[in-house]
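Each chain gets a letter, A, B and so on, in the order its sequence line appears, and its residues count up from 1. As the structure is a prediction and not an experimental result, all values here were calculated from the model. The analysis underlying the following values was restricted to heavy atoms, covering all of them including side chains, and did not include hydrogens, waters or symmetry mates.
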Protein chains: 2
Amino acid sequence: MPTTTAPEIYDPYRVCPSRQLLDRIGDRWTVLIIGVLEDGPQRFSQISRRIDGISQKMLTQTLRSLEADGLVTRTVFPEVPPHVEYELSELGRTLLEPLAILRAWAVDHMDEVAAARTAAAA
Amino acid sequence: MPTTTAPEIYDPYRVCPSRQLLDRIGDRWTVLIIGVLEDGPQRFSQISRRIDGISQKMLTQTLRSLEADGLVTRTVFPEVPPHVEYELSELGRTLLEPLAILRAWAVDHMDEVAAARTAAAA
DNA sequence: CAGGATCCTGGCGGATACTG
DNA sequence: CAGTATCCGCCAGGATCCTG
């Protein structure tokens, strides 16, 4: 292909890293888990109990992803019965403020969204 | 039920409005579309051409949702052939900054995430 | 207690064809 | 041009059972 310089094409998978971030935080559980871990290190079962409706599978899976992304650290205490703690990494904590800002937007504007929604339904 | 005061249970569907927001922006297309509309009003086919890989179905569906949420306005010009323009509403524009902050986080930190990921893969 | 392994289903989203 | 309608594959994610 010659340099047709097609200017502003946004491929969702090649577009900026933000797509990957949105994939991360867009799923149902990531942000909830980060929210729980904001209170400090937590054990698997603690997190599980504090997030209503999450399955072990999803908790495990999401924690593994968060760990792989370097956002959460996993510490195993060599005890029996097993004792594992999850904690926000330094990198993970840098994400707290952007999320707080997003949450603030939601709190500030979701009533307008709700109003628009019911108006649209009419 | 007596007041057992179960303290910190996060139900993803009843938890703060942020869950709804995350559902919105978590899908594949919403943020891309908002990004395109950031440049001003656009026609259906313009948006379509600027977002690689989106189907008419998803473009229509996402635009309808954005419209129902009051984030985007839809203007039909009574012409033939049809001419429809989509534009960010005032409410929609208030979302730009939070998204920009998120994008900034991604740009600043996604290389660390990528590094953590490849390290985890090893 | 922390999770691995399996099975199974809903619905997200793509492809295609048709219309005002 | 800007959609609607329909069919369908795929896999995220829940339920369940099992183990170190």
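Atom CD of B/E90 has 12 or fewer heavy atoms from other residues, nucleotides or ligands within 6.0 Å. In this structure, A/E38 places its CD atom where more than 12 heavy-atom neighbours from other residues, nucleotides or ligands lie under 6.0 Å away.
Between A/Q61 atom CD and C/dA5 atom P the separation is 13 Å, expressed in whole Å. To the nearest angstrom, P of D/dG3 lies 14 Å from CD of B/E79. When rounded to the nearest whole Å, the span between CG of A/L59 and P of C/dC1 equals 14 Å. Across the protein-nucleic acid pair, A/R28 atom CZ and D/dA12 atom P stand 13 Å apart, rounded to whole Å. Atom pair B/D23:CG and C/dG13:C1' shows a separation of 16 Å (rounding to whole Å applied). One can place CD1 of A/I47 at 11 Å from C1' of C/dA2, the figure rounded to the nearest angstrom. Between A/E67 atom CD and C/dA2 atom C1' the separation is 13 Å, expressed in whole Å. Put simply, NZ on B/K57 is 11 Å from P on C/dA15, counting in whole angstrom units.
B/S45 has a side-chain polar atom (N or O) that falls below the 4.0 Å cut-off from OP1 or OP2 of D/dA2. Between A/R74 and C/dG3 there is a side-chain N or O to OP1 or OP2 distance below 4.0 Å. A/T60 has no side-chain polar atom (N or O) that falls below the 4.0 Å cut-off from OP1 or OP2 of C/dG3. For D/dC1, the OP1/OP2 oxygens have no side-chain nitrogen or oxygen of B/Y86 closer than 4.0 Å. For C/dA2, one of the phosphate oxygens OP1 or OP2 lies less than 4.0 angstrom from a side-chain nitrogen or oxygen of A/R43.
Position along DNA chain D of the nearest nucleotide to A/D27 versus A/Q56 favours A/D27 as the more 5'-ward residue. In terms of position on DNA chain D, the residue among A/P82 and B/E85 whose nearest nucleotide sits closer to the 5' end is B/E85. Where A/H83 and B/I54 each meet DNA chain C at their nearest nucleotide, the meeting point lying more 5' is that of A/H83.
Using a distance-only test at 3.5 Å, with no hydrogens or angles considered, a donor-acceptor pair links the side chain of A/D27 to the main chain of A/W29. Side-chain atoms of A/Q61 do not come within 3.5 Å of backbone N or O of A/M58 as any donor-acceptor pair.
Here the side chains of B/E87 and B/R74 are not in contact, with every heavy-atom distance at 4.5 Å or above.
Nearest heavy-atom pair, B/L22 versus A/I25, reported as atom, atom and distance to 0.1 Å: CD2-O, 3.8 Å. Among all heavy-atom pairs drawn from B/P41 and B/E85, the shortest one is CB-OE1, 3.7 Å.
Checked against A/L66 for a side chain to side chain contact (heavy atoms under 4.5 Å, CB included), the options A/T73, A/L88, A/L71 give a single hit: A/L71.
As judged by a 4.0 angstrom heavy-atom cut-off over every strand, A/F77 is placed among residues making no nucleic acid contact.
Overall bending of the helix from C/dC1-D/dG20 to C/dG20-D/dC1, expressed as the angle between end axes built from five pairs apiece, is 50° (10° steps).
Of all nucleotides listed (C/dA2, C/dC1, D/dG14), C/dC1 comes nearest to the side chain of A/P81.
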